[in-house]
Structure formats: C-alpha cells, structure tokens
Amino acid sequence: DSYVVPWDNTAVGFNNSGSFLKSGGTSTTTWNVPISGSGSISITSGTLSLGGALTGSITGKINVGSATTLIYGQGGTLDGGQVSGSGTFDFTSNTTVEGTYSFAGMTQISNGTVSFTGAASLANLSQSGGTLAGSGAATISSAMSWTGGTISGVVNIASGATLTAANGALWLTGGTINNSGSAIMSGAPALRLSQSGMVNNKGSWTLQSDSYVVPWDNTAVGFNNSG
C-alpha cells in the first residue's frame, strides 16, 4: 500500500496511456494525484482511493476485482462502458458517468453528485449520501440500500429486486422511483419529495416501522400505486 500526494498548489497529474495495477497490499493505497487518460486501471488487492481534482476524463478500462474497493474521489468524467468487476465502486465526488454503466459488484454513492448520462445497470447500489442524478435511468437488479442522500434521476427497481429505505433523511428531488420489486421502509426514515418527485409502485411497498413521508415544496409530487 502506497501514499501518493501533491505537495503544492500547482496542477499535478498522472496521464495514463498504459496500465495501472494495484496487485499488492490488503489495506488502502491513497493516490491523490488525479489520473486521466485511455490506459487501464485494475485492482486485484485491497482498496485504491483516488483523490485530487480531475478536470479531464478517464476513457480506459477500469476493473475492480472481487473483494477489492475503488474509492473514486477525483471526480471528472469516466466512460461507464469501460467499468467492470465484482468488487465495490464507491463514488465520493462529483462525477459524470458517460455511456452505459454496467457493474456486477456493489456501487456506492457516499458523497458528491453522480450523473449517469446513459442507461446504468447495477446489481447492487448503496446510497448513504450525495445525489444520484442524470438523464440515464439506473436499474437495480438485486438490491438497493438507501440510508441518506438525494435521488434526482430515475431509479428502476427490477422485478425480484429489493429497495430498503432506512434510518436516514432521504430526498426525492425531481427524481422518479419505479418499483417493480419489493420496497421496505424501516428504522423510521424521513422521505421528502420535492420538484415533482414521483414514486410509481408496481410491486410491493412495505412499512416495517413508523416513517415520515411528506412533500417538501408546492410542486405536484405523488405516489402512484398499482401494486
């Protein structure tokens, strides 16, 4: 595990047109010099934390191996169609994900605004903060945990998938949740709908605890129940 950081306020960077591999160390490598370019990034061991402030883009392949984690905190733009793996991809900064994002592991949104410009297929999503946004719908095929943050884009809970909204302050701000699976509210969550936020329930929606669900402005919010 390594520690790579800028040491002044100048525009430093790491332009990758080759291959960048984290293959050793089971803890966290902190890399705060922004990486850009068409080269590949692969993690086969431990956690790679990418920080700094990326002003360009990553167009190369990103593979997050089984039982590994990529903490993506450098922002900028990445090519969603180049992301693969079965580990954990944790967004912690404002990021634009272009193209079709399809990830078989765990996608996390902890901070920042993550904007999907194309269709996104996520096996699992955990949102504890930040904002899920963009014109591309995010479809969850297995499970979504929502304990904090804002949804301003479109989230589809597929048939057979689950949405658990729990414990936190949740915001549906101009976004839409289309539930064809099983949604559960537990642990007294507070869900606030604004800017025409909408839930379309075609599956099941279960309140397992006392919850707080309210409009937060004067727009036409709603819960359309056909399940």
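The structure presented is a predicted model; accordingly, all values stated were derived computationally and were not measured. Just so you know, residue 1 is the first one in the sequence shown, and it goes up from there.
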Would you call [X] and [Y] a side-chain contact if the rule is heavy atoms closer than 4.5 Å?
X	Y	answer
Val213	Met185	yes
Thr117	Thr96	yes
Leu78	Val97	yes
Gln82	Thr59	no
Ile140	Leu163	no
Thr173	Arg192	no

Determine yes or no for a side-chain-to-main-chain donor-acceptor pair under 3.5 angstrom, with [X] supplying the side chain and [Y] the backbone.
X	Y	answer
Asp79	Gly81	yes
Ser45	Gly25	yes
Ser209	Gly187	yes
Asn16	Gly37	no
Thr29	Ser2	yes
Ser49	Trp31	no
Asn94	Thr113	yes
Gln74	Gly52	no
Thr219	Ser196	yes

Evaluate whether atom CG of Asn9 has more than 12 neighbouring non-hydrogen atoms of other residues, nucleotides or ligands under 6.0 angstrom away.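 Atom CG in Asn9 is not packed in, count stays at 12 or less.
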From the list Leu21, Val64, Val83, Ile58, side chain to side chain contact (heavy atoms under 4.5 Å, CB included) partner of Ile41 resolves to Ile58
- Query: In this structure, which one of Val155, Thr150, Ile177 forms a side chain to side chain contact (heavy atoms under 4.5 Å, CB included) with Leu172?
  - Reply: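 Passing option: Ile177.
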Test side chain to side chain donor-acceptor pair (under 3.5 Å), reference Asn178, set Asn224, Asn200, Thr139, output is Asn200
Value for CG (Leu122) from CZ (Phe89), rounded to nearest 0.5 Å, stands at 11.0 Å
Looking only at heavy atoms, the pair that brings Gly75 and Leu54 closest together is O-CD2, 3.5 Å
Sorted by chain and residue number, the side chain to side chain donor-acceptor pair (under 3.5 Å) partners of Asn201 (sequence neighbours excluded) come out as Asn179, Asn225
Assess, by modelled atom type and distance only, whether the side chains of Asn111 and Thr92 contain a donor and an acceptor separated by less than 3.5 Å.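 Not at all, the side chains of Asn111 and Thr92 share no donor-acceptor pair under 3.5 Å.
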- Query: Quick one: do the Asp90 and Ser110 side chains pair a donor with an acceptor below 3.5 Å?
  - Reply: yes
Hits for ring pair (Phe, Tyr, Trp, His ring centres under 6.0 Å) against Trp205, two or more places apart or cross-chain, chain-then-number order -> Phe223
